A.B. asks: 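One structure, pasted below without further comment.
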Amino acid sequence: MTKPRIYITRRLPEDVVAPYRKDLDIEMWSETDVPVDHTHLQKEAVTADGLVTMLTENVDEELLGKAENLKIVANLAVGYDNIDVQAAKRRDIQVTNTPDVLTDTTADLIFGLVLATARRLTEAERYIKEGKWENWSPLLMAGTDVHHKTMGIVGMGRIGKMIAKRARGFDMNVLYHNRSRDEEAEDQFNASYATFDDLLTKADYVVCMVPLTRETEGMFNKNTFRKMKNTAIFINGSRGQTVIEADLYEALIHEDIAGAGLDVFAEEPISKDHPLLQLDQVVALPHIGSASKETRYKMMDLCLENIDRYFKGKSVKTPVSNR
Ligand code: NAP
């Protein structure tokens, strides 16, 4: 029997892929660091039974339309805003993502971003490495406290809850906003539900952890930044497009808010000349929320396991619901 043909859009470590080669005919893009060219991907998709994609790939209606044999797309991320899920559903193509395995790792990074922005860690590191540390003064690199402050989590899902858990360890007061209340999470993390506006006006740290959808695109804009405290710090661990970056820049330079910690940007990779990167009160990271070696291996394995299970007639472990 011919094995299903699987195309992976990056070169993944062979020790992850090897166990699956027995039952799957696996080919990979030649590069680890450079995304597959879209035209090349379209060509590969025509003959593929399964694809492993990254968030850098746009799996759109046009690509799915050409992929006559395609049965499954396994996305190496929990977010799947790069995939036209409805178009996949119309063609009966299964989509999977990688929830849970990255939750704690991402929460660690986002909490690190809170600390780094509040306590000016990257700015202080630049200062010392550039040889500027010549004296001590009482307010040298003085930041703002995290402990006992109010954290407002917008998107209290899997990752948001684990950020809340870490915040409780810092004796923070936790507010959250979702479209629906989560009373179990309120009990578990001693968190209080707030309307979006209420959270914006009360939180010292506003953390965006929602998925990118039509509803959340641009939800942080000049109106929302204006409602925040001028001492507040905005953290984005979700997707860059949830923020109008020009409005964030204006809010920072006019001191409507005090700082921002950003792991994600509207355009990635962001240009080094981007105005946000010129500000000391911005801590910027290259979308590394889930980037620990342990977790990235688990994510890669989960993608392949989902594909393997699919072709063996078993249910996939982490389906994207086609709502
Ligand atoms: P999740 O469990 O689905 O949580 C998402 C939360 O957002 C849910 O609580 C949901 O609650 C809420 N939400 C959705 N739409 C909303 C809206 N319009 N207004 C307010 N709240 C809304 O997802 P997760 O696993 O925590 O991941 C969340 C997102 O983080 C992913 O989609 C991805 O974009 C991002 N992420 C980034 C990285 C990184 O490297 N920076 C790593 C992993 C994930 P309701 O449905 O009740 O509204």
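Here, residue 1 is the first one in the sequence, and each next residue gets the next number. The structure displayed is predicted, hence computed values, not measured ones.
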A.B. asks: Evaluate the side-chain proximity of Glu57 to Leu41: yes if any heavy-atom separation is below 4.5 Å, no if none is.
C.D. replies: yes

A.B. asks: If Ile, Leu, Val, Met, Phe, Trp and Tyr residues are connected whenever their side-chain heavy atoms lie under 4.5 Å apart, and connections chain through other members, are Val85 and Val78 in the same group?
C.D. replies: no

A.B. asks: May I ask you to check whether Asp204 and Thr231 show a side-chain donor-acceptor distance below 3.5 Å?
C.D. replies: no

A.B. asks: What class does the angle between the rings of Phe220 and Phe196 fall in, given that below 30° is parallel, 30 to 60° is tilted and above 60° is perpendicular?
C.D. replies: perpendicular

A.B. asks: Considering only heavy atoms from C-beta outward, does the side chain of Leu262 approach that of Leu276 to under 4.5 Å?
C.D. replies: yes

A.B. asks: Please report the closest heavy-atom contact between Val73 and Thr53, naming both atoms and the distance.
C.D. replies: CG1-OG1, 3.5 Å

A.B. asks: Answer yes if the side chains of Glu245 and His274 hold a donor-acceptor pair under 3.5 Å, and no otherwise.
C.D. replies: yes

A.B. asks: Is it the case that the side chains of Ser30 and Arg11 hold a donor-acceptor pair, with the cut-off being a distance below 3.5 Å and no angle test?
C.D. replies: no

A.B. asks: State plainly whether the residues Arg166 and Asp108 are in salt-bridge range, i.e. N to O under 4.0 Å.
C.D. replies: yes

A.B. asks: So which heavy atom on Gly160 is nearest to which on Ile153, and how close?
C.D. replies: O-CD1, 3.4 Å

A.B. asks: Return the set of residues passing ring pair (Phe, Tyr, Trp, His ring centres under 6.0 Å) with Tyr297 (not counting sequence neighbours), or none when no residue passes.
C.D. replies: none

A.B. asks: For the residue pair Asp301 and Tyr20, confirm or rule out a side-chain donor-acceptor distance under 3.5 Å.
C.D. replies: yes

A.B. asks: Could you check whether Asn82 and Asn75, counting side-chain N and O atoms only, form a donor-acceptor pair closer than 3.5 Å?
C.D. replies: yes

A.B. asks: If Ile, Leu, Val, Met, Phe, Trp and Tyr residues are connected whenever their side-chain heavy atoms lie under 4.5 Å apart, and connections chain through other members, are Met28 and Ile307 in the same group?
C.D. replies: yes

A.B. asks: Membership question, hydrophobic clusters at under 4.5 Å side-chain separation (ILVMFWY): are Leu199 and Ile257 in the same one?
C.D. replies: yes

A.B. asks: Same cluster for Leu248 and Val206 if Ile/Leu/Val/Met/Phe/Trp/Tyr side chains link at under 4.5 Å?
C.D. replies: yes

A.B. asks: May I ask you to say whether Glu305 pairs ionically with Lys317, meaning some side-chain N is under 4.0 Å from a carboxylate O?
C.D. replies: yes

A.B. asks: Closer than 4.0 angstrom, basic N to acidic O: yes or no for Glu215 and Arg179?
C.D. replies: yes

A.B. asks: State plainly whether one hydrophobic cluster holds both Leu175 and Met209, where clusters connect Ile, Leu, Val, Met, Phe, Trp and Tyr through side-chain heavy atoms under 4.5 angstrom apart.
C.D. replies: no

A.B. asks: side-chain contact (heavy atoms from CB on, under 4.5 Å), that's the test. Do Leu252 and Phe225 meet it? Break it down for me.
C.D. replies: CA-CA 9 Å; Leu252 287 162; Phe225 293 126; over 6 Å; no

A.B. asks: Given side-chain contact (heavy atoms from CB on, under 4.5 Å), test Arg181 with Tyr176 step by step and report yes or no.
C.D. replies: CA-CA 9 Å; Arg181 268 185 78 163; Tyr176 79 95; 3.9 Å; yes

A.B. asks: Applying side chain to side chain contact (heavy atoms under 4.5 Å, CB included), name anything that partners Glu62, two or more places apart in sequence or on another chain.
C.D. replies: Gln42, Asp60, Lys66

A.B. asks: Hey, mind stepping through Lys161 and Glu186 against salt bridge (Lys or Arg N to Asp or Glu O under 4.0 Å) and telling me if it holds?
C.D. replies: CA-CA 10 Å; Lys161 285 178 207 164; Glu186 289 172 25; over 6 Å; no

A.B. asks: Just checking, any donor-acceptor pair under 3.5 angstrom between side chains of Arg10 and Thr56?
C.D. replies: yes

A.B. asks: Are a donor atom and an acceptor atom from the side chains of Lys149 and Thr144 found within less than 3.5 Å of each other?
C.D. replies: yes

A.B. asks: Are any of the side-chain nitrogens in Lys71 or Asp49 under 4.0 Å away from the carboxylate oxygens of its partner?
C.D. replies: yes

A.B. asks: Specify the closest pair of heavy atoms between Ile233 and Ile235, including all atoms of both residues, with the distance to one decimal.
C.D. replies: CG2-CD1, 3.8 Å

A.B. asks: Contact between Thr242 and Val210 at the side-chain level, heavy atoms closer than 4.5 Å - yes or no?
C.D. replies: yes

A.B. asks: Under 6.0 Å between the ring centres of Phe170 and Tyr205?
C.D. replies: no

